[in-house]
Asker: 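Submitted below is the structure of interest, expressed as structure tokens.
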Amino acid sequence: MCVILYKPGDSTIPDDTLEAACHNNPDGFGAVILEKGELKVTKEFATEETIFADVKKFLAETGKRPVFLHFRLRTSGEKNVENCHPFTILNKEEDGTDLLMMHNGVLPDYEKYDEKFCDSYNLGKVVLTPLF
């Protein structure tokens, strides 16, 4: 099952924790960074061989900024960057505020909407975006 980690701005994630998250969830990662009052989203599709190094490099580049990380283990949808979390529910330019979603677990009722996308993506587009 996917993993979400939070790194406060003034701390680090221990390598063993980071390595376990990468090893057990090798189908890409996404991140939300708070930068100058704005939420910045990064998504990368990585392989099991490269994900740990990719995440370490990414975290080094974020410096002391707070970061939320999501490590994907594919349970539905294709293995690609589009299915890496977080997903945009609302965006500031169109909706006046940013609202993003990360999810751990399986939502079988939402796998059927568009099979190329994961259940969490479909939940966001089918339920959450219209709701908000």
Side-chain angles (χ1 to χ4, degrees):
M1 192 171 306
C2 301
V3 169
I4 297 173
L5 297 177
Y6 172 65
K7 180 193 81 69
D10 59 348
S11 69
T12 59
I13 299 171
D15 277 355
D16 60 336
T17 301
L18 196 58
E19 193 165 13
C22 292
H23 176 72
N24 293 310
N25 303 277
D27 297 325
F29 73 94
V32 179
I33 305 165
L34 182 61
E35 184 175 288
K36 298 178 184 174
E38 302 272 330
L39 297 177
K40 302 291 182 186
V41 173
T42 297
K43 296 182 182 191
E44 291 190 28
F45 183 71
T47 65
E48 190 167 352
E49 293 78 28
T50 66
I51 190 168
F52 181 69
D54 293 347
V55 172
K56 288 286 287 184
K57 179 182 176 196
F58 170 78
L59 287 173
E61 293 169 355
T62 65
K64 294 191 178 245
R65 292 174 285 181
V67 179
F68 285 92
L69 288 163
H70 182 279
F71 299 87
R72 183 170 189 241
L73 177 63
R74 182 207 170 272
T75 55
S76 66
E78 297 174 2
K79 288 186 180 183
N80 57 30
V81 73
E82 289 82 12
N83 279 316
C84 292
H85 304 211
F87 300 111
T88 300
I89 304 303
L90 300 176
N91 73 61
K92 194 170 189 171
E93 292 174 5
E94 294 176 19
D95 305 304
T97 192
D98 288 318
L99 180 61
L100 304 168
M101 179 190 93
M102 293 179 178
H103 176 261
N104 290 342
V106 179
L107 302 163
D109 290 343
Y110 296 97
E111 292 176 354
K112 62 187 174 193
Y113 286 95
D114 188 333
E115 291 182 2
K116 70 180 178 181
F117 290 107
C118 68
D119 51 355
S120 298
Y121 174 93
N122 285 325
L123 171 70
K125 293 301 175 195
V126 172
V127 176
L128 298 179
T129 297
L131 179 67
F132 286 101

Asker: If I take atom NE2 from residue His103 and atom CD1 from residue Ile4, how far apart are they, to the nearest 0.5 angstrom?
Answerer: 8.5 Å
Asker: Holding to side-chain hydrogen bond (donor to acceptor under 3.5 Å, both in side chains), I want the full list of residues that pass it with Glu78, two or more places apart in sequence or in another chain.
Answerer: Asn80
Asker: When you compare the side chain of Phe71 with that of His23, does any pair of heavy atoms fall below 4.5 Å?
Answerer: no
Asker: Using only atom types and a distance under 3.5 Å, with no angle test, would you say the side chain of Thr42 pairs donor to acceptor with the backbone of Gly30?
Answerer: no
Asker: Nearest heavy-atom pair of Cys2 and Asn25: which atoms, and what distance?
Answerer: CA-OD1, 3.3 Å
Asker: Please, which pairs that meet side chain to side chain donor-acceptor pair (under 3.5 Å) have at least one residue in residues 54-74, sequence neighbours excluded?
Answerer: Asp15-Lys56, Glu35-Arg65, Thr50-Asp54, His70-His85
Asker: Specify the closest pair of heavy atoms between Gly124 and Pro130, including all atoms of both residues, with the distance to one decimal.
Answerer: O-CD, 4.2 Å
Asker: So do Met101 and Leu123 actually touch side chain to side chain, heavy atoms under 4.5 Å?
Answerer: yes
Asker: Starting from Val3, can I reach Phe29 by hopping between I/L/V/M/F/W/Y residues whose side chains sit under 4.5 Å apart?
Answerer: yes
Asker: Are Ile89 and Leu107 connected in a single hydrophobic cluster, I mean Ile/Leu/Val/Met/Phe/Trp/Tyr linked by side-chain heavy atoms less than 4.5 Å apart?
Answerer: yes
Asker: Hey, does Pro8 have a side-chain heavy atom less than 4.5 Å from the side chain of Pro66?
Answerer: no
Asker: Supply the members, apart from Leu73, of the Ile/Leu/Val/Met/Phe/Trp/Tyr cluster built from side-chain contacts under 4.5 Å; use none for a lone residue.
Answerer: none
Asker: Quick one: closest heavy-atom pair of Pro86 and Val32, and the distance?
Answerer: CG-CG2, 3.5 Å
Asker: Under 4.5 Å between side-chain heavy atoms, counting indirect links through other Ile/Leu/Val/Met/Phe/Trp/Tyr residues: same cluster for Tyr113 and Val127 or not?
Answerer: yes
Asker: Looking at side-chain heavy atoms only, is the closest gap between Cys118 and Thr75 below 4.5 Å?
Answerer: no
Asker: Roughly how far apart are Ile33 CD1 and Leu39 CG, rounded to 0.5 Å?
Answerer: 10.0 Å
Asker: Is the side chain of Asp95 donor-acceptor paired with the backbone N or O of Thr97 at a distance under 3.5 Å, no angle test?
Answerer: no
Asker: What distance do Lys116 atom NZ and Tyr121 atom OH have between them, rounded to the nearest 0.5 Å?
Answerer: 8.0 Å
Asker: How far apart are the closest heavy atoms of Gly28 and Cys84, and which atoms are they?
Answerer: CA-SG, 3.7 Å
Asker: So, the side chain of Asp98 versus the backbone of Glu38: is there a donor-acceptor pair under 3.5 Å, distance only?
Answerer: no
Asker: If you group Ile, Leu, Val, Met, Phe, Trp and Tyr by side-chain heavy-atom gaps below 4.5 Å, do Leu90 and Val126 land in one group?
Answerer: yes
Asker: Within this structure, what is the CZ-CD1 distance for the pair Phe58 and Ile51, rounded to the nearest 0.5 Å?
Answerer: 12.0 Å
Asker: Report the residues that fulfil side-chain contact (heavy atoms from CB on, under 4.5 Å) with Thr17, sequence neighbours left out, ordered by chain and then residue number.
Answerer: Leu5, Ile13, Pro14
Asker: Going by the rule ring pair (Phe, Tyr, Trp, His ring centres under 6.0 Å), which residues pair with Tyr6 if we only count those two or more places apart in sequence or in a different chain?
Answerer: Phe68
Asker: List the residues meeting salt bridge (Lys or Arg N to Asp or Glu O under 4.0 Å) with Lys79, not counting sequence neighbours, and say none if there are none.
Answerer: Asp27
Asker: Going from CG on Leu100 to OG1 on Thr88, what distance comes out if it is rounded to the nearest 0.5 angstrom?
Answerer: 5.0 Å
Asker: Please report the interatomic distance CD(Glu49) to SG(Cys22), rounded to the nearest 0.5 Å.
Answerer: 12.5 Å
Asker: In the structure I gave you, are the side-chain heavy atoms of Glu82 and Phe117 within less than 4.5 Å of one another anywhere?
Answerer: yes
Asker: Are Phe87 and Val81 linked, directly or through intermediate hydrophobic residues, by side-chain heavy-atom contacts shorter than 4.5 Å (ILVMFWY only)?
Answerer: no
